[in-house]
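Below: the structure, in structure tokens.
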Amino acid sequence: MERVRELVEKAERGQFTKEDLGVLSEATRRALKFMLDKGIPITPKNFEVWFMVFAGMILHNAPDTSDNIDQFYRKVEQFLEEKLREERELREMRRETEEVLNFSADRLGKVLESMDEHDRAIESQLKQIESFMRSGVGSILETLLGEIERLKEVNSRLKRELEDARNTMNTLRKRLAKKAQEAIRDPLTGLYNRGYLEEELKRRIRLFDKKGRSFAVVMADLDHFKRVNDLYGHLAGDHVLVTFASILKNDIRMDDVAARYGGEEFVVVLDALGLNAATSVANRFRSRLESTPIIWWENIIRVTASFGVAQVRAGDVPETILDRADKALYLAKSDGRNCVRSERDLVTRQAPPA
Ligand code: GH3
Ligand code: MG
Ligand code: MG
């Protein structure tokens with residue numbers, strides 16, 4: 001579904017290659033034919049579903065059998081449901097918050113109203129007390145004092161209710177903020193996640209196109225990381241990931257962005273830097289990691305990483321710049337790991353035979 005989603009996004013931006021265009025028109029043709037054959041009403045919603053089904057089949061070279069159609073239909077359905085569920089959850093949180101806010105405002109109004117009323121009642125009773133005192137009627141005085149006590153109690157109960165409503169409102173506000181954070185962060189390392197990175201790259205590319213503000217991308221991949229898991233266990237592996245993430249986090253400027261791209265792959269966006277400066281920064285990350293002994297129970301784990309660097313250029317989309325950084329990273333791996341390579345090294349060297 002990932003590839004179908006990418007294709008749809010590219011189509012929306014109008015940035016697709018000749019091959020994408022082929023897939024788009026073929027999927028459109030097949031979707032329309034299928035819908036006509038089966039008498040499915042051609043509404044935008046139905047078309048979206050069947051277009052994605054056929055695009056998925058074309059992208060995965062799946063032959064046009066009814067089993068495959070069924071299978072891809074289920075995947076699309078699942079994908080759309082998931083999307084819908086996420087949207088619904090956020091809407092639900094927003095609705096809940098609004099409800100509490102309305103409820104509290106309503107309550108507050110009522111409390112204030114009744115407090116006013118009580119104030120007026122107390123005022124008039126005090127006046128009566130004074131006149132009773134003057135006429136010396138003691139027992140009535142007592143009754144009235146009792147009444148005043150009761151009113152005070154009612155007031156403090158209303159105040160407590162108001163407090164409760166305020167607490168509920170604060171809890172909901174915090175939950176909403178947490179939810180918004182979770183949507184953009186990787187839970188293990190606390191770095192930004194891949195989705196956020198891609199949005200960030202789109203923003204930066206727009207800024208580059210409009211204002212000429214350059215940036216570079218460093219892609220890092222831990223070396224022989226599988227061995228760490230095999231030797232020390234998965235939890236040790238996680239601990240290494242967290243350590244590397246904090247090296248990246250602590251070693252960048254405010255306008256830079258560090259993200260966990262995948263399992264043991266990380267991407268750092270370096271603001272306003274060219275290829276040479278970004279390569280130096282990547283080397284700084286590299287030597288920090290190399291010289292950081294990672295302590296795990298009675299073991300000291302030593303890890304290195306390889307790095308690929310690319311700089312934004314005209315016509316880039318997130319995938320193209322990430323792809324160049326990835327190719328440079330691949331070169332760093334084949335050059336023996338624990339080193340940094342940039343897209344310039346790709347040009348000066350022939351790619352190894354496939
Ligand atoms: P290379 O130097 O070529 O990158 O070798 P490698 O072993 O690092 O590469 P490979 O891609 O073969 O293995 C990556 C490993 O990363 C496999 C996977 O189990 C591990 N991994 C991915 N995500 C996590 C994670 O969240 N926690 C842990 N502990 N391990 C992870
Ligand atoms: Mg990897
Ligand atoms: Mg690796």
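Every number for a ligand or one of its atoms is a count from 1 in the order of the listing.
- Near Asp221, with a cut-off below 4.0 Å to any heavy atom, the atoms of ligand 1 are 4 (O).
- At the shortest separation from atom 7 (O) of ligand 1 among protein heavy atoms lies Lys226 N, 3.0 Å.
- Every atom of ligand 1 with a heavy atom of Gly237 under 4.0 Å away is listed here by number and element: 29 (N).
- Not a single heavy atom of His239 sits under 4.0 Å from any atom of ligand 1.
- The CZ atom of Arg213 lies 15.5 Å from the CZ atom of Arg206; values are rounded to the nearest 0.5 Å.
- With hydrogens and angles disregarded, no donor-acceptor distance shorter than 3.5 Å links the side chain of Asp251 to the backbone of Ile247.
- Taking only nitrogen or oxygen atoms, main chain and side chain alike, Phe225 reaches within less than 3.5 Å of ligand 1.
- A distance-only check finds a donor-acceptor pair linking the side chain of Thr292 to the backbone of Arg288 [under 3.5 Å].
- Of all the atoms in ligand 1, the ones that sit under 4.0 Å from a non-hydrogen atom of Asp223 are 2 (O).
- The distance criterion of under 3.5 Å between nitrogen or oxygen atoms is met by Leu222 with respect to ligand 1.
- Linking Ile, Leu, Val, Met, Phe, Trp and Tyr residues whenever their side-chain heavy atoms come within less than 4.5 Å leaves Phe266 and Tyr330 in two separate clusters.
- Residues Asp323 and Lys327 are paired through a salt bridge, judged by an N-O separation under 4.0 Å between the basic side chain and the carboxylate.
- Of the heavy atoms in Asp238, both backbone and side-chain atoms come closer than 4.0 Å to ligand 1.
- The residues Glu92 and Lys179 are annotated as not salt-bridged, no charged nitrogen and carboxylate oxygen being separated by less than 4.0 angstrom.
- A salt bridge links Arg203 with Glu200; the closest basic N to acidic carboxylate O contact falls under 4.0 Å.
- Using a 4.0 Å cut-off between charged side-chain N and carboxylate O, Asp64 and Lys33 make no salt bridge.
- Here Leu329 sits in one hydrophobic cluster together with Ile184, Tyr192, Tyr196, Leu197, Leu201, Ile205, Phe208, Phe215, Val217, Met219, Val257, Tyr261, Val267, Val269, Val312, Ile321, Leu322; the rule is ILVMFWY side chains under 4.5 Å apart, joined directly or through other members.
- Remark: the backbone N or O of Ala328 is not paired with any side-chain donor or acceptor of Arg341 at under 3.5 angstrom.
- At a heavy-atom distance under 4.0 Å, no atom of Glu265 approaches ligand 1.
- In summary, Lys202 and Glu198 do not engage in a salt bridge, as defined by a charged side-chain N under 4.0 Å from a carboxylate O.
- Under 4.0 angstrom from ligand 1, there are no non-hydrogen atoms of Val228.
- Counting protein heavy atoms only, atom 1 (P) of ligand 1 is closest to Lys333 NZ, 3.4 Å.
- Around the Mg ion (ligand 3), the protein N, O or S atoms closer than 2.8 Å are Asp221 OD1, Leu222 O, Glu264 OE1, listed by chain and residue number.
- The aromatic rings of Phe307 and Phe244 lie perpendicular to each other, with more than 60° between the two planes, well past the 30° mark.
- Within the 4.0 Å heavy-atom criterion, neither part of Leu235 lies near ligand 1.
- Between the side chains of Asn250 and Ser246, no donor-acceptor pair of N or O atoms lies under 3.5 Å.
- Among protein heavy atoms, the minimum distance from atom 23 (N) of ligand 1 is reached at Gly263 CA, 3.2 Å.
- By the 6.0 Å contact criterion, NZ on Lys226 is open, its count of non-hydrogen atoms from other residues, nucleotides or ligands being 12 or less.
- Ligand 1 has no nitrogen or oxygen under 3.5 angstrom from a nitrogen or oxygen of Arg227.
- For atom 14 (C) of ligand 1, the nearest non-hydrogen atom from the set Glu264, His224, Arg260 comes from Glu264.
- One finds a salt bridge joining Asp271 and Arg204 here, because a Lys/Arg side-chain nitrogen approaches an Asp/Glu carboxylate oxygen to under 4.0 Å.
- If you check which protein heavy atom lies closest to atom 3 (O) of ligand 1, you get Arg337 NH2, 2.9 Å.
- The ligand atoms of ligand 1 that sit less than 4.0 angstrom from a heavy atom of Leu241 are 25 (C), 26 (O), 27 (N).
- The protein heavy atom nearest to atom 30 (N) of ligand 1 is Asn229 ND2, 2.9 Å.
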